[in-house]
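As structure tokens, the structure follows; a few thoughts come after it.
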Amino acid sequence: MNIQYNISLRPFNTFGMDVHARKMVTIEHEAELLTWLNESSVHDETLFILGGGSNILFTRDIEDTVLHNKIAGVEVVNEEEDHIYIKAGAGVNWHSLVMHCVERGWAGMENLALIPGNVGASPMQNIGAYGVELKDVFHELEAIHLHQKEKVVFQLKDCELGYRESVFKNKYKGQFIITSVTYKLNKKPVYQTGYGAIQQELERMGVKDLSIAAIAQAVMQIRRSKLPDPSQIGNAGSFFKNPEIEKYQYIQLQALFPQIVGYVLAQDKVKLAAGWLIEQCGWKGFRKGDAGCHEKQALVLVNHAHAQGAEIIALSQEIIASVKEKFGVRLEREVNVY
Ligand code: FAD
Ligand code: NAP
């Protein structure tokens, strides 16, 4: 365990916000976390949990104690004829876990390659990309209740995983620290190549024999070509969720905007591509000071160098208002704001 005071969080968040934490406690083992939580001096402290910092926009200095979760370790905990169960510590880097599994032929996570951040946050918003969501490979997780200081095991149904949602983002917000997640992977792969540009990229790569390694490579290539690299330009990925509307509203919008991008979901709902809506309002590539909208993907807001969190929020509010005015659709933020 390491305790630091008055520390800049700039290296700890991919938006590159230069806010300060009054106190940051770095935890590497579950046992030391429990011991520390039980110290009497900690009882009055309010805590903020930080993983890889890739889905957070800091708008102010942090008075709460920042609990930086770096619990490591990856192990096989169970094996069946068709499945393998992998338990990973919350501080394990997500992409390195994906590649660990891909290299061993354990299938299910390959479409989720190159998502930044750590294992512990993967259930927080049920991370998703290219037609796969965390819930497709989730088995269970362990978390510690920050006040009761007890370990709780959550099964899939307990987590209420939805589109970029979970019980931890809503009902249990701020109450638990996730310490490990166990994933159920397939020994016999079920390939998912029908989404976005995966098939096209596999053809461009000249792949003859499909494999999970080839899919992971294709996903990485597409992501590198489209998405801003946080080491080059501050961002937290998609700033907004793709809005879901009723099918009748979609038909009305289609009459007005024939090019509108939407995907039909179950129960007469349609998911609109928020990036397209934002682009149509003229925001793609927009820059005001150091706050901007990425030139290749309008869904991603960026910090060119020294933007403040408040400037990014102000830009997001202008975008929300213009999309509402043009399309009558309300965008919601995906990024966590502190
Ligand atoms: P953090 O940003 O550190 O934390 C996020 C939230 O989870 C905070 O509220 C924090 O308090 C809480 N939290 C973190 N760890 C724990 C824990 N152990 N216990 C309890 N609460 C915790 N997301 C996708 O879903 N799909 C994508 O394709 C995708 N692409 C991205 C691309 C880029 C370039 C970037 C920058 C981001 C992208 N994201 C994507 C968003 C982000 O990478 C994920 O949401 C990721 O899971 C966040 O992990 P983190 O460890 O960085 O979380
Ligand atoms: P894209 O492929 O250009 O597609 C644009 C949008 O259309 C995506 O948001 C996606 O929704 C939706 N879409 C595309 N094909 C679809 C299909 N066959 N069925 C249903 N919906 C479809 O998107 P992109 O920006 O390059 O991102 C690619 C993937 O990575 C997407 O899944 C995206 O969610 C994910 N991603 C997420 C983040 C983040 O921070 N959350 C950042 C970057 C990329 P979905 O978003 O619902 O998949």
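Whatever order the structure lists them in is the order used to number ligands and atoms, beginning at 1.
Atoms NZ and CG, on Lys23 and Leu47 in that order, are 9.0 Å from each other to the nearest 0.5 Å.
In this pair, Tyr263 and Tyr195 present their aromatic rings parallel. The plane angle is below 30°, not in the 30 to 60° band.
The number of heavy-atom neighbours closer than 6.0 Å to CD of Glu133, taken from other residues, nucleotides and ligands shown, is above 12. The environment of Glu246 atom CD is dense: over 12 non-hydrogen atoms of other residues, nucleotides or ligands sit within 6.0 angstrom. Crowding of Glu80 atom CD: a count of heavy atoms from other residues, nucleotides or ligands under 6.0 Å exceeding 12.
Proximity of a side-chain donor or acceptor of Asn242 to a complementary backbone N or O of Ala274 within less than 3.5 Å is detected. Panel note: side chain Lys173, backbone Lys171; no donor-acceptor pair is recorded below 3.5 Å.
Remark: aromatic rings of Phe176 and His145 are close, center separation under 6.0 Å.
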Could you give the N/O to N/O pairs under 3.5 Å linking ligand 1 and the protein, each with its distance?
residue: ligand 1; atom: 2 (O); partner: Ser54; partner atom: N; Å: 3.0
residue: ligand 1; atom: 2 (O); partner: Asn55; partner atom: N; Å: 2.8
residue: ligand 1; atom: 3 (O); partner: Gly51; partner atom: N; Å: 2.8
residue: ligand 1; atom: 3 (O); partner: Gly52; partner atom: N; Å: 3.4
residue: ligand 1; atom: 3 (O); partner: Gly53; partner atom: N; Å: 2.8
residue: ligand 1; atom: 11 (O); partner: Ile49; partner atom: O; Å: 2.6
residue: ligand 1; atom: 18 (N); partner: Asn69; partner atom: ND2; Å: 3.3
residue: ligand 1; atom: 18 (N); partner: Ile178; partner atom: O; Å: 3.0
residue: ligand 1; atom: 19 (N); partner: Ile178; partner atom: N; Å: 2.8
residue: ligand 1; atom: 23 (N); partner: Gln125; partner atom: NE2; Å: 3.1
residue: ligand 1; atom: 25 (O); partner: Gln125; partner atom: NE2; Å: 2.9
residue: ligand 1; atom: 25 (O); partner: Gly128; partner atom: N; Å: 3.1
residue: ligand 1; atom: 26 (N); partner: Gly128; partner atom: O; Å: 2.8
residue: ligand 1; atom: 28 (O); partner: Gly128; partner atom: O; Å: 3.4
residue: ligand 1; atom: 28 (O); partner: Arg223; partner atom: NH1; Å: 3.0
residue: ligand 1; atom: 28 (O); partner: Arg223; partner atom: NH2; Å: 3.1
residue: ligand 1; atom: 30 (N); partner: Arg223; partner atom: NH2; Å: 2.6
residue: ligand 1; atom: 43 (O); partner: Ser54; partner atom: OG; Å: 2.9
residue: ligand 1; atom: 43 (O); partner: Pro116; partner atom: O; Å: 3.0
residue: ligand 1; atom: 45 (O); partner: Asn55; partner atom: ND2; Å: 3.0
residue: ligand 1; atom: 45 (O); partner: Gln125; partner atom: NE2; Å: 3.2
residue: ligand 1; atom: 51 (O); partner: Gly52; partner atom: N; Å: 2.7
residue: ligand 1; atom: 51 (O); partner: Asn118; partner atom: N; Å: 2.9
residue: ligand 1; atom: 52 (O); partner: Gly52; partner atom: N; Å: 3.3
residue: ligand 1; atom: 52 (O); partner: Gly53; partner atom: N; Å: 3.0
residue: ligand 1; atom: 52 (O); partner: Ser54; partner atom: N; Å: 2.8
residue: ligand 1; atom: 52 (O); partner: Ser54; partner atom: OG; Å: 2.7

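The 4.0 Å heavy-atom shell around ligand 2 contains residues Gly128, Ala129, Tyr130, Tyr163, Arg164, Tyr195, Gly196, Arg223, Lys226, Leu227, Gly237, Ser238, Asn242, Tyr263, Lys271, Gln297, Glu334, ordered by chain and number.
Between Val329 and Val323, the shortest heavy-atom distance links the atoms O-CG1, 3.6 Å.
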